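Values reported hereafter were calculated over all heavy atoms of this structure, with side chains retained and with hydrogens, waters and symmetry mates removed. Every chain is numbered from 1, with letters handed out A, B, ... down the list of sequences. Quick caveat, the model's predicted, so the values are computed rather than measured.
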Amino acid sequence: METKDKPSEKTLTAEEGTKPAVTNFIRSIIDRDLESGKHSGIVTRFPPEPNGYLHIGHAKSICLNFGLARDYKGRCHLRFDDTNPVKEDVEYVDSILADVRWLGFDWAEHLYYASDYFDKLYEFAEYLINEGKAFVCDLSLDELREYRGTLTVPGKNSPYRNRSRDENLDLFRRMKAGEFPEGSRSLRAKIDMASPNLNMRDPVIYRIKKTHHHRTGSDWQIYPMYDYTHCISDALERITHSICTLEFEDHRPLYDWILDQLPVPCHPQQIEFARLNLAYTVMSKRLLLELVTTNLVNGWDDPRMPTIAGMRRRGFPPEAIREFADRIGVAKANSMVDDELLFFCIREELNRTALRRMAVLSPLKLVITNYPEDHEEELDAENNPENASAGSRKISFGKELFIEAEDFSENPPKGWFRLSPGQEVRLKHAYYITCNEVVKDEAGNITEIRCSYDPASRGGWTEDGRKVKGTLHWVSARHCIPVELRLYDRLFTQADMSELEPGKTYKDYVNPASLEINKRCLAESSLANTTPGERFQFLRIGYFCTDYDSKPDSPIFNRITSLRDSWAKLSKKQ
RNA sequence: UGGGCAGUCGCCAAGCGGUAAGGCAGCGGGUUUUGGUCCCGCCAUCCGGGGGUUCGAAUCCUCCCUGCCCAGCCA
């Protein structure tokens, strides 16, 4: 019966078939609202406060809100929650705009600021006063705290709670006019000082601040609080589903209370989900700011930072971040996501799109003894085996080359199929070579490997069907260019940075090897002219991105992430 | 200890009374001019615990345990 209504796997449309429909509790709510006719379309919003740089946790929220709007053919607003001028700055609004755009989302004409609503918000406040639902309170900060009570003890009514409507109006207007010093008075909602929910104990909805605001300048002497502003802003924008993080669950009754008192056009539904926690990093604005100000990292866009700016500079593709957001899902349980999943998404995207190039991290000289002196040739090299339309390029080959020092072993361990004395390997795109001689200095360090090559193996294969197990990347000594490679690793040494050992701070967990700058690397000549932001796969090493500091005469690449390395795993086990 | 929320595989996460999806990680194998990619296989008789309701429970009831959030004139 019901089963016949359910589409079987085979009846999925092509579109659904390529990507399994994601489902989560928020989509269930929306589906229900659409089906019941409560809404005919949806409007969501991403509402950052411009007081810091966006990070991957915000990316989850951005992907959620804009993704919902996209999938349900609704819209998503970008709204700055700029109600606290002391913490905010245009520097942050500019970076947020750029970050959301970089992530691939478009708010079209729907860019808003809570400060756009200051006049309306003020009118609504007078309305509340007229309705006897708000009052001006003269309690000081300390007194207010005392009157609020505690988690287990109910609060006490403010002695100013029963001021007359006219007195309240007069006082509130004079607050607005700047007649009173900061902290001397506040406007409070008149709700219930005995509520078990502290947010309902006559919360402050307006406070006096004489701070310059980045958008309204010195127009205002009073500023509305978040709880008062957010719900009204949502209603004014006709938001249908106001999605926020779990810590606001306790605020929902207040959100609803305020809208219930006012003649607003609609009453959006607040829905809370669990914020993202990523292993081996921190997400709190305070800590991120501290990392920057104490120079533990080099700025907000340091490639080790979980900020959008940092990930962009590191070379993470926006598509990968969106994919990551989709894969982690949305739920109400607090969680700690493995960074492996993020890197999986990055590799998946880059494997498809990044052009292959060759570079040597730690060069070891290799001479092909039977290769003609001064001879050189150009070999064909495909740009991406996953994508034939990426074409190919020419790479120069000659008698003297550099290979990866790690690719040679004089006494190879079991299972080794790279270069070792007497062993034949393939130089990618070039020839088969066999090691005949190892040259060392007085100290016994290997300084040069001498090999012979098989001229019949040009291109990297022979007609006799001979198999070689190892394939090495290399660069031509005469044609390669020096490059700087910056290798990044996890910023912290512990997965869960929310639980530190007693007496330790997060600084004790900073990974000393999170950045390794390697200036003596060599790369194929085609890497001489790349533009910052370009991404490549350096064969057998990892994915790299041209850094903003890169100059044509001194190229710099950031390692986005290494390739999976099953040999490293195997050799570690032995 | 007042209130709110949450507990399904190492990490995420579907599931909404009909007998545990999927992804990542891991393990084993195959293909391969990247020890990359790709492909195949394995990976929860069990859903925080105890009772109960039911022919049947991860899903309903009940008690308990654990974790997270709240006492900013921050958001």
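Going from the C1' atom of B/C60 to that of B/G29 covers 46 Å, rounded to whole Å. Across B/C74 and B/C9, the matching P atoms stand 41 Å from one another, rounded to whole Å. Distance noted for atom C1' between B/U19 and B/U59: 12 Å (whole Å). To the nearest whole angstrom, the two C1' atoms, one in B/C61 and one in B/G17, are 13 Å apart. For the P atom pair drawn from B/C64 and B/G2, the interatomic distance equals 12 Å after rounding to whole Å. Comparing the C1' positions of B/U66 and B/G49 gives a spacing of 10 Å, expressed to the nearest Å.
Stacking is not found between A/Tyr226 and the pyrimidine-like six-membered ring of the B/A75 base under the 5.5 Å centre-distance and 30° plane-angle cut-offs.
Here B/A13 is the nucleotide among B/C24, B/U34, B/A13 with the atom lying nearest to any side-chain atom of A/Ala331. Here the nucleotide nearest the side chain of A/Pro385, chosen from B/A75, B/U34, B/G35, is B/U34. Of the candidates B/G26, B/A14, B/C74, the closest approach to any side-chain atom of A/Thr23 belongs to B/A14. In this structure, the nucleotide among B/C24, B/A75, B/U34 sitting nearest to the side chain of A/Gln537 is B/U34.
The side chain of A/Arg357 places no N or O atom within less than 4.0 Å of a non-bridging phosphate oxygen (OP1 or OP2) of B/U34. Within the structure, every side-chain polar atom (N or O) of A/Arg188 is placed at least 4.0 Å from both OP1 and OP2 of B/C73. An OP1 or OP2 oxygen of B/C11 is reached within less than 4.0 angstrom by no side-chain nitrogen or oxygen of A/Arg327. Phosphate contact (OP1/OP2 of B/U32, side-chain N/O of A/Lys469, threshold under 4.0 Å): absent. OP1 and OP2 of B/A75 both lie 4.0 Å or more from every side-chain N or O belonging to A/Lys285. Within the structure, a side-chain polar atom (N or O) of A/Arg148 is placed less than 4.0 Å from OP1 or OP2 of B/C73. Checking the phosphate oxygens (OP1, OP2) of B/G72, a side-chain nitrogen or oxygen of A/Arg145 falls inside 4.0 Å.
Counting any heavy atom pair closer than 4.0 Å across all strands shown, A/Tyr206 reaches no nucleic acid atom. Heavy atoms of A/Glu382 sit nowhere under 4.0 angstrom from any nucleic acid atom. Looking at heavy-atom distances under 4.0 Å, A/Leu139 makes contact with a base. Using a 4.0 Å heavy-atom cutoff across all strands shown, A/Tyr223 reaches no nucleic acid atom at all. A/Arg356 comes within contact range of at least one nucleobase, with a heavy-atom separation under 4.0 Å. Counting any heavy atom pair closer than 4.0 Å across all strands shown, A/His251 reaches a base atom. Across all strands, A/Thr83 comes closer than 4.0 Å only to sugar-phosphate atoms, never to a base (heavy-atom distances). Using a 4.0 Å heavy-atom cutoff across all strands shown, A/Asp81 reaches sugar-phosphate atoms only and no base atom. Within 4.0 Å (heavy atoms only), A/Glu49 reaches sugar-phosphate atoms of the nucleic acid but no base atom. In this structure, A/Arg540 reaches the bases: a heavy-atom distance under 4.0 Å links it to at least one base atom across the strands shown. Among the heavy atoms of the strands, none lies under 4.0 Å from A/Val468. Within 4.0 Å of A/Thr150, counting heavy atoms only, lies at least one base atom of the nucleic acid. Residue contacts for A/Pro154: at a heavy-atom cut-off of 4.0 Å it reaches no nucleic acid atom on any strand shown. Note on A/His473: nothing from the nucleic acid sits closer than 4.0 angstrom, heavy atoms only.
Residue A/Gly149 is the one, among A/Gly149 and A/Phe248, whose nearest nucleotide of RNA chain B lies closer to the 5' end (criterion: closest heavy atom). In terms of position on RNA chain B, the residue among A/Val337 and A/Phe538 whose nearest nucleotide sits closer to the 5' end is A/Val337.
Under 3.5 Å, the side chain of A/Arg347 and the base of B/U37 form no donor-acceptor pair of N or O atoms. No N or O donor and acceptor, one from the side chain of A/Glu340 and one from the base of B/G10, sit under 3.5 Å apart.
To the nearest angstrom, P of B/G28 lies 10 Å from NZ of A/Lys569. Atom P of nucleotide B/C69 and atom CZ of A/Phe273 are separated by 17 Å, given to the nearest angstrom. Taking atom CD on A/Glu247 and atom P on B/A71, their separation rounds to 11 Å, with Å as the unit.
No hydrogens or angles considered: nothing links the side chains of A/Asp142 and A/Ser140 as a donor-acceptor pair under 3.5 Å. A/Glu237 and A/Tyr117 share a donor-acceptor pair across their side chains, judged by distance under 3.5 Å alone. Neither side chain, A/Gln269 nor A/Tyr255, offers a donor N or O lying under 3.5 Å from an acceptor on the other.
For the pair A/Lys428 and A/Trp474, the cation-pi test (distance below 6.0 Å, angle within 45°) is failed. A cation-pi arrangement is not found for A/Lys209 relative to A/Tyr223, the charged atom failing to lie both closer than 6.0 Å to the ring centre and inside a 45° cone about the ring normal.
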With B for base contact, S for sugar-phosphate-only contact and - for none (protein heavy atoms under 4.0 Å), nucleotides 2-8 of chain B reads BBSSS--
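Formation of a donor-acceptor pair under 3.5 Å by the A/Arg215 side chain with backbone atoms of A/Ser115 is not found in this model.
Nucleotide B/G35: unpaired (no Watson-Crick or G-U wobble partner with both distances less than 3.5 Å). With both pairing distances under 3.5 Å, B/C55 is matched to B/G18 as a Watson-Crick or G-U wobble pair. Applying the Watson-Crick and G-U wobble criteria (two distances, each under 3.5 Å), B/C42 pairs with B/G26. Checking B/U66 for Watson-Crick or G-U wobble geometry (two distances, each under 3.5 Å) identifies B/A6 as its partner. Using Watson-Crick or G-U wobble geometry with both donor-acceptor distances under 3.5 Å, B/C73 finds no partner in any strand shown.
A/Tyr206 and A/Phe172 have perpendicular rings, their planes meeting at more than 60° on a 0 to 90° scale where under 30° would count as parallel.
Tested against A/Glu424, the residues A/Arg418, A/Arg466, A/Lys469 include a single salt bridge (charged side-chain N to carboxylate O under 4.0 Å, His left out) partner, A/Arg466.
In this structure, the ring pair (Phe, Tyr, Trp, His ring centres under 6.0 Å) partners of A/His55, at least two apart in sequence or on a different chain, are A/His58.
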